[in-house]
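Right, one structure below, let's go through it.
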Amino acid sequence: MTTVDYIGTIGVSILLLAYLLLLLKAVTASNRIYIWMNILGAGLSTLASVFLKYIPFIILEGTWMLVSIVALFQRKK
């Protein structure tokens, strides 16, 4: 595996773990840990997609990261 593969794999793994924790009701969608896992996972996945120059996933993961950042700031209100 290449460095980009590791970055993408770690990012996707974090996203999937966050989703699993949500399904198991270990966290809620407004939980700070869940939001940060989404930001980190989507950010790493976006970075890997940028290195691969794969536009659809840059858009998908980049949007996921931005939406999670917005959720983080809304949570602080």
Side-chain angles (χ1 to χ4, degrees):
M1 282 183 31
T2 67
T3 302
V4 174
D5 292 327
Y6 284 114
I7 293 169
T9 299
I10 291 167
V12 168
S13 296
I14 293 168
L15 288 171
L16 291 174
L17 178 58
Y19 185 58
L20 177 63
L21 291 172
L22 184 66
L23 289 177
L24 295 174
K25 298 185 179 176
V27 296
T28 63
S30 62
N31 185 284
R32 184 173 287 150
I33 292 169
Y34 176 75
I35 295 170
W36 273 109
M37 288 178 77
N38 275 284
I39 292 169
L40 180 60
L44 289 172
S45 298
T46 301
L47 181 61
S49 298
V50 167
F51 287 140
L52 295 172
K53 298 180 175 117
Y54 194 61
I55 302 298
F57 279 98
I58 294 171
I59 294 167
L60 173 68
E61 299 299 342
T63 301
W64 192 324
M65 183 180 66
L66 292 174
V67 167
S68 297
I69 290 170
V70 169
L72 182 66
F73 283 106
Q74 286 181 341
R75 187 187 181 288
K76 289 185 177 183
K77 290 182 180 179

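Residue indices begin at 1 and follow the sequence shown.
In the hydrophobic clustering of ILVMFWY residues, with side-chain heavy atoms under 4.5 Å counting as a link, Phe73 and Val67 come out apart. Linking Ile, Leu, Val, Met, Phe, Trp and Tyr whenever their side-chain heavy atoms come within less than 4.5 Å puts Val4 and Leu44 in one cluster. Follow the hydrophobic side-chain contacts under 4.5 Å out from Val50 and you never reach Leu52; the two are in separate clusters.
Summarising the geometry, atom CD1 belonging to Ile7 is positioned 5.0 Å from atom CG belonging to Leu47; distances are rounded to the nearest 0.5 Å. Distance OG1/Thr28 to CD1/Ile33: 10.0 Å, rounded to 0.5 Å. Annotation: the span from Asn38 atom CG to Ile69 atom CD1 amounts to 11.0 Å, rounded to 0.5 Å.
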Which atom pairs, one a donor and one an acceptor, fall under 3.5 Å between side chains of residues 53-61 and the rest of the protein, sequence neighbours left out?
none

When the side chains of residues 12-25 are checked against the rest of the protein, which donor-acceptor pairs come out under 3.5 Å, sequence neighbours left out?
unit_1 : atom_1 : unit_2 : atom_2 : d
Ser13  : OG     : Thr9   : O      : 2.7

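Nearest heavy-atom pair, Ser68 versus Ile39, reported as atom, atom and distance to 0.1 Å: CB-CG1, 3.5 Å. Nearest heavy atoms, Ala29 versus Tyr34: O-CD2, 3.5 Å. A pairwise comparison of heavy atoms in Gly11 and Ser45 identifies C-OG, 3.5 Å as the closest pair. Residues Met65 and Gly43 share a closest heavy-atom pair of SD-CA, 3.4 Å.
Side-chain contact, Thr2 with Asp5: a donor N or O sits under 3.5 Å from an acceptor N or O.
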